[in-house]
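Below is one structure, written out as structure tokens, with a few remarks after it.
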Amino acid sequence: MDISYLREFRVLAEICNYQEAAEQLYISLSTLSKHISRLESELGTPLFDRTTRKVSLNKYGAVFYDYAVLVTESYQTCALKLEELQQNDAASLRIAFPPCLTEYSFPSLLTDFINTNPDIKVILTETENPKKLLEENLCDFAFCTGYAESTGEMSRLCAMHIQPGKTKAAEYDNTIENRNTFSLQIDSLAAVLPADHPLAGEEFLTIKQLKKERFITKSDPSSELSIIFHKLYGIAGFEPQSACAVHYTSAMPKMVNAYNSIAITNRRHALICDTPNLSVIDIHPTIPYYLSVLCSDDLERAAARLRFMEYFSTAQHKLTA
């Protein structure tokens, strides 16, 4: 049954005049007459009593009218709701990310998406806890970072000293299993040494080789880097000596030569540092640094989220370039 026929039936039933009903509906008199006849044929009963001057509902039409009102009003309400959802989908996309991602070309990646999707309003929130915003339904995507131990010796040692599921890496992995999302390795830990340091020529370094060194550390003990730093040295069986504690990760390599010490940080942070006379050496076993992309499962803005996921799947290489 065509919903437009029901609307036309309602108008005719309320006006009781074919010509006036047709004019109000912006259709011809013959078209209205044909549609009403088809509706009556489909229902198997006449709905109007007709005279030469006007029409009026018969007992079948009176019963059908009440249901026609319900159906057309319900359809209109549904159409408005769907239109609202479509507007929400195309109108905005809320993305939360940690400050550290500014070091990984994340802003330019978002800029590219915004430029190629001008109909989507992207609302960005820089926060230390993107996951919390997602759980509170305050964002559509939460970009979370964390370290994860590699397979082999490091995984075996970590399993001996740390309860499963208690590390940040495990926390993110558990979340990934419960949501339609994915993770991407964007970096790994490296040691930053003075260029004239005795270990500066090594191909890679283990934590145990650094036992007697002094370190540039983070002043925030709850930071991701501080947590993995103390975990690694706990596994290696010694307490690191701190030469200097800094607030910003980007400042760590810059302090290495000044304090004749070593900084353990992400390779990208070390490589973008413009301080001369430094040597950057990978830590072995590799300690990957992951970006976990968590997506809301709310039905609103679904179309916008899909477009962003499709874009990110093809552009994510920019974060590791």
Side-chain angles (χ1 to χ4, degrees), residues 78 81-150 164-188 222-225 227-228 249 266 268 287-321:
C78 177
K81 182 61 177 177
L82 291 176
E83 182 180 358
E84 180 184 347
L85 288 174
Q86 290 172 341
Q87 290 174 348
N88 286 338
D89 283 345
S92 64
L93 190 65
R94 304 164 301 173
I95 299 175
F97 65 98
C100 63
L101 281 188
T102 57
E103 304 282 352
Y104 294 89
S105 304
F106 190 67
S108 62
L109 184 147
L110 291 178
T111 299
D112 288 345
F113 176 78
I114 293 170
N115 290 338
T116 54
N117 296 272
D119 58 316
I120 297 179
K121 180 182 178 181
V122 179
I123 303 170
L124 301 177
T125 302
E126 186 181 71
T127 173
E128 295 289 350
N129 196 343
K131 180 183 172 185
K132 185 174 184 293
L133 293 187
L134 188 71
E135 291 172 344
E136 296 175 352
N137 197 33
L138 296 177
C139 68
D140 302 297
F141 284 97
F143 285 77
C144 306
T145 54
Y147 294 95
E149 295 78 11
S150 64
K166 295 301 182 182
T167 67
K168 279 187 173 293
E171 177 183 334
Y172 293 138
D173 289 344
N174 289 337
T175 306
I176 292 169
E177 292 175 359
N178 296 327
R179 291 185 181 272
N180 182 23
T181 186
F182 55 92
S183 63
L184 169 71
Q185 181 180 342
I186 59 174
D187 212 336
S188 59
S222 65
S223 69
E224 294 174 340
L225 195 58
I227 292 172
I228 194 68
T249 304
N266 288 355
R268 175 71 68 89
I287 308 298
Y289 186 64
Y290 286 102
L291 172 66
S292 299
V293 187
L294 284 66
C295 178
S296 167
D297 52 9
D298 194 336
L299 291 178
E300 293 188 4
R301 289 175 288 274
R305 290 204 315 270
L306 179 61
R307 283 164 64 179
F308 182 78
M309 290 175 69
E310 291 174 346
Y311 170 82
F312 186 79
S313 66
T314 59
Q316 58 182 278
H317 66 277
K318 295 181 180 180
L319 297 175
T320 57

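Quick note: residue numbers are just sequence positions, from 1.
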Are any of the side-chain heavy atoms of Phe308 and Ile95 separated by less than 4.5 Å? yes
Side-chain contact test, heavy atoms from C-beta onward, threshold under 4.5 Å: evaluate it for Glu224 versus Tyr289 and give yes or no. yes
Could you work out, with ring-ring contact (aromatic ring centres under 6.0 Å, His included) as the rule, every residue matching Phe312, not counting sequence neighbours? Phe143, Phe182
Can you list the residues that meet the salt bridge (charged side-chain N to carboxylate O under 4.0 Å, His left out) rule with Glu136, with sequence neighbours excluded? Lys132
What side-chain donor-acceptor pairs closer than 3.5 Å can you find for residues 107-114, not counting sequence neighbours?
from	atom 1	to	atom 2	distance (Å)
Ser108	OG	Ser105	O	2.8
Thr111	OG1	Pro107	O	2.9
Asp112	OD2	Lys318	NZ	2.4

List the atom of Ser222, the atom of Ile227, and the distance in Å for their closest heavy-atom pair. O-CD1, 3.6 Å
If you round to the nearest 0.5 Å, how far is CD of Gln316 from CG of Leu184? 5.0 Å
My understanding is that only residues two or more places apart in sequence, or in another chain, count here; which of them pass side-chain contact (heavy atoms from CB on, under 4.5 Å) with Cys139? Arg94, Ala96, Leu133, Leu134, Ala142
Residues Thr102 and Glu126: closest non-hydrogen pair is CG2-OE2, 3.8 Å
Taking side-chain contact (heavy atoms from CB on, under 4.5 Å) as the test, write out the residues that go with Ser188, two or more places apart. Gln185, Thr286
Just wondering, do Cys100 and Thr249 contact through their side chains at under 4.5 Å, heavy atoms? no
Flag the pair Ile186 / Leu101 as yes when at least one side-chain heavy-atom distance between them is below 4.5 Å, and no otherwise. yes
Just verifying a value: how many Å separate Asn117 CG and Glu310 CD, rounded to the nearest 0.5 Å? 10.0 Å
My understanding is that only residues two or more places apart in sequence, or in another chain, count here; which of them pass side-chain hydrogen bond (donor to acceptor under 3.5 Å, both in side chains) with Asn266? Tyr104, Tyr147
Taking all non-hydrogen atoms of both residues into account, name the closest pair between Glu103 and Arg268 and its distance. O-NH1, 3.3 Å
Please round to the nearest 0.5 Å and tell me the distance separating atom OH of Tyr290 and atom OG1 of Thr145. 13.5 Å
